[in-house]
Amino acid sequence: MPEKTYLQAISDGLRQEMRRDERVFVLGEDVGVYGGAFKVTVGLLEEFGPWRVIDAPLSEIAIVGGATGSALMGLRPVAELQFSDFVSCAWDQLVTVAAKQHFRAGTPVPMVLRLPSGGGFSGGPFHSQSPESAFTHVPGLKVVCPATPHDAKGLLATAVDDPNPVLYFEHKHLYRRIKGEVPDERYTIPFGKARIERAGDDITLVTWGAMVYTAAGAAAELQSEDVSVEIIDLRTLQPWDKEAVLESVAKTSKLLILHEDTRTSGFGAEIAAQVVEEAFEQLDAPIRRIAAPDTPIPFSPQLENAYIPQVEDVASALRELAAY
Amino acid sequence: MAIARDTESLSSSLDAEQLGLDRAGLLGMYRDMLVTRGIEERGHILYKQGKIPGSFYTGRGNEAGAVGVASAMQPEDAGTPLHRDMGVHVTRGVEPWRILAQYMGREDGPARGRDGNVHMALIEQNLVAMVSHLPAMMPVAVGLALAFRIRNERRVSVCWYGDGAAARGDAHEAMNFAGVRRLPVVFVCDNNQYAYSTPPQLEYACANLADRAAAYGFDGVVVDGTDILAVYSEAKRAIEKARQGGGPTLVECVTLRMEGHAVHDNAFYVPRELLDEWAKRDPIARFRLWLSEHVQASEAELSELEEQVKALLAEAQKRAESSPAPDPSELEQGVYAEPEQPQENADA
Ligand SMILES: Cc1ncc(C[n+]2csc(CCOP(=O)(O)OP(=O)(O)O)c2C)c(N)n1
């Protein structure tokens, strides 16, 4: 099986979707000639032409509204927002129109919004956010956060198949740093099915996106201290695999939730609440959450390191849980 | 650069013939206007009787705009009509009883009680249900046109918006994108001179909203929104131009909102004289007169049509009132569309 970067997996996956289904088209800023700000759509314009790879004006409302309208007419848009931060400009199109359309009018809106998200490279407050949690609070939207190249491609295929608006958060910090095996043939990965990144018995660590690698680093440290950590990569947040978390907690009785987004009302709060509701008696320790502090994401590397959870933060929380 | 121009009223049946409208078609348009107003008048009463929950909006004064534009569309064309455009739904064939059921929040309303008033549409008729946020449907209407352009279909999208909502950024982004890509979309601005209580001079600083079209690289035209044939003529021209690949047009239909913003509002802020003046230009009365003068519609023929519409609506109301309330146990269904087929090849 070929090894690919996370970015290449998305790019190849997208090309494969466009080759197999002519309803699929790409719409976004600088996605054509330039190949996208992160080069995910490189080569697509040449292969599919200017009406399937559409360079849009700087116009998130037009991009998301355009995707919504064309999806209503039977196309399968995969729209790119240059940075997930700019999704705020298109909030109405997404939350007011697209998300509620099927509930109100019974008409599906099969569209994918690709949202490069996450920090770790001094992008500052407007190019580094992880806004996925906000959208889990909007009935009608699906939220996908792949961590591996394999998942990135499989979840993209599922997103294209899905008849609902899907927010596909691709973590910028994984684009070129992370490599993995990715099959050439098309495959899908079901939404709402978590992946066990690492099996363990003592503590359950639930996370997604780039934090999977932070979790893995911490779990490796704890291994040498004889604490075995089970890492669950949720892969999708809406829907999310509650069963996998409950099953793991039934085994470990301890839960740590880790995310890059800010703490208050982050999706970790929802996970904690549901585990308390359904598995309170199985817990041997208070649930721990590690998340970014409730501040905008800062620019300078020193501040950003303090903001984004680091391996050491996770390792020390795991130690405390282990000792509890 | 495009310049907004005023259109002239049609004066003869010859003009109508040139537009491809025969006598039956003209009487059909008159009927659609009557049905539109009739539904809203009944709705008004039902609202006051407490049979319609929430709020209630009418499009009195806008019937020519709505029916005129919708009559110029082909069945395969699509659109996003708003809260003054109930005539679009009527013209495209939504049955009146279902519209009344919609108002009453019943199971047979197109939104099945999940949304109210004119927040409805039947996708079979290529209409998309509006949201409250104005004018958030404009970029969506452009998206419909984008789909037609991508597939090289000879279909046109019609995008309605109000003079007030024209102030919001959605309008700009939608028109800019449509202009840049010369998409087959016709923008119809229902300029009824008030946005809730806000008059035109507090809404925009240009002479006509249609002037803005020039900024987006397409034509703008101002039309008398109380003259259904003038509206039809301009809409037809714009729609067929878009169909031929000529890009968007902005058609501004000028009328006056003849009632309050919604039923709770008595519109005290609209000068009496203004209302009196526009009452003389009532779109339905004007067209009735035109029909009698130009296609020899007799008093007997017209009143028979009017009686038929009354009977139709009385029947519609009965049927709507017998439509069941939606079942609360189904509330959580349909938030998401179900995938068409099970995903093959799934690889967990
Ligand atoms: C974004 C937004 N802000 C406020 C409102 C409340 N509102 C509903 S209709 C309306 C006036 C709209 O004026 P216009 O666009 O001219 O349409 P009209 O109602 O006059 O036909 C307002 C302020 C709204 N629906 N959407």
Side-chain angles (χ1 to χ4, degrees), chain A residues 22-23 25 27 51-52 54 56-75 77 89-90 92-93 96-110 139-142 150 154 157-158 161-164 183 185-190 193-195 239, chain B residues 78 80 110-112 114-115 119-123 126-133 136-153 155 157 168-170 172-178 180-181 183 185 332-341 343-348:
Chain A
E22 65 170 19
R23 297 173 303 174
F25 75 99
L27 170 68
W51 285 103
R52 282 186 72 201
I54 300 178
L58 195 168
S59 218
E60 283 71 20
I61 291 173
I63 292 168
V64 179
T68 302
S70 56
L72 282 164
M73 289 293 110
L75 290 179
C89 302
D92 247 358
Q93 292 302 313
T96 305
V97 184
K100 296 173 178 50
Q101 201 63 23
H102 192 264
F103 179 79
R104 302 184 317 124
T107 37
V109 182
L141 300 179
K142 294 192 177 180
H150 180 270
T158 309
D161 282 345
D162 198 282
N164 297 285
E185 70 276 9
R186 183 182 199 258
Y187 59 98
T188 57
I189 292 174
K193 200 97 193 67
R195 183 180 66 88
Chain B
T80 55
R112 301 178 55 223
R114 290 167 172 226
D115 202 344
H119 294 195
M120 59 167 199
L122 296 180
I123 195 76
N126 293 312
L127 298 180
V128 179
M130 68 171 285
V131 298
S132 281
H133 300 44
M137 298 311 290
M138 290 185 77
V140 178
V142 170
L144 307 177
L146 181 64
F148 302 154
R149 178 61 189 83
I150 290 172
R151 289 191 298 232
N152 272 316
E153 294 170 337
R155 297 168 70 185
S157 166
R168 281 199 67 245
D170 292 17
H172 167 71
E173 292 202 22
M175 291 203 199
N176 185 59
F177 188 32
V180 166
R181 291 279 171 173
L183 297 177
V185 54
E332 290 184 45
Q333 294 171 12
V335 174
Y336 293 92
E338 294 300 325
E340 281 153 36
Q341 332 93 310
Q343 295 151 356
E344 352 89 66
N345 240 345
D347 172 347

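Per chain, numbering begins at 1; letters A, B, ... match sequence-line order. Note that the coordinates shown come from a computational prediction; the quantities given were computed from them, not determined experimentally. Below, all heavy atoms of this structure are taken into account, side chains as well, without hydrogens, waters or symmetry copies.
Interface remark: H119(B) contributes backbone and side-chain atoms alike to the contact with chain A (heavy atom separation under 4.5 Å). With a threshold of 4.5 angstrom between heavy atoms, M130(B) approaches chain A through N, CA, C or O but not through any side-chain atom. Using a 4.5 Å cut-off between heavy atoms, L183(B) contacts chain A through its side chain alone, with no backbone atom that close. Contact of T96(A) with chain B is made through backbone and side chain together, with heavy-atom distances under 4.5 Å. Heavy-atom distances place both the backbone and the side chain of D170(B) under 4.5 Å from chain A. The contact between K142(A) and chain B is made by backbone and side chain atoms together, counting heavy-atom distances below 4.5 Å. Using a 4.5 Å cut-off between heavy atoms, Q101(A) contacts chain B through its side chain alone, with no backbone atom that close. Proximity to chain B (any heavy atom under 4.5 Å) is shown, for I54(A), by both the backbone and the side chain.
Between V335(B) and F103(A), the shortest heavy-atom contact is CG2-CD1, 4.0 Å. Residues R104(A) and A129(B) come closest through the heavy atom pair NH2-O, 3.0 Å. Counting all heavy atoms, side chain and backbone alike, A62(A) lies closest to E173(B) at N-OE1, 3.2 Å.
R181(B) pairs by the salt bridge (charged side-chain N to carboxylate O under 4.0 Å, His left out) definition with nothing, not counting sequence neighbours. Residues forming a salt bridge (charged side-chain N to carboxylate O under 4.0 Å, His left out) with E153(B) (at least two apart in sequence, or on another chain): R151(B), R155(B).
Contact count versus chain B (heavy atoms, under 4.5 Å) is highest, among T68(A), D92(A), V109(A), for D92(A). Ranking N152(B), V140(B), D115(B), V131(B) against chain A, the residue ahead of the rest is V140(B), based on heavy-atom pairs under 4.5 Å. Of all the listed residues (G140(A), A105(A), P108(A)), the one sharing the greatest number of non-hydrogen pairs under 4.5 Å with chain B is G140(A). No other option in P163(A), G66(A), P57(A) has as many heavy-atom pairs under 4.5 Å with chain B as P163(A).
Using a 4.5 Å heavy-atom threshold, the side chains of I61(A) and R168(B) count as separate. With contacts defined as side-chain heavy-atom distances shorter than 4.5 Å, the pair F148(B)/L75(A) does not qualify. L146(B) places a side-chain heavy atom less than 4.5 Å from the side chain of L27(A).
At least one donor-acceptor pair under 3.5 Å links the side chain of Y336(B) to the backbone N or O of L141(A).
Between L58(A) atom CG and N176(B) atom CG the span is 10.0 Å, to the nearest 0.5 Å. With rounding to the nearest 0.5 angstrom, the CG atom of L127(B) is 11.5 Å from the CG atom of L72(A). Taking CD of Q93(A) as the start and CE of M138(B) as the end, the distance is 11.0 Å to the nearest 0.5 Å.
The 12-atom threshold is exceeded at CD of Q333(B), counting heavy atoms of other residues, nucleotides or ligands nearer than 6.0 Å.
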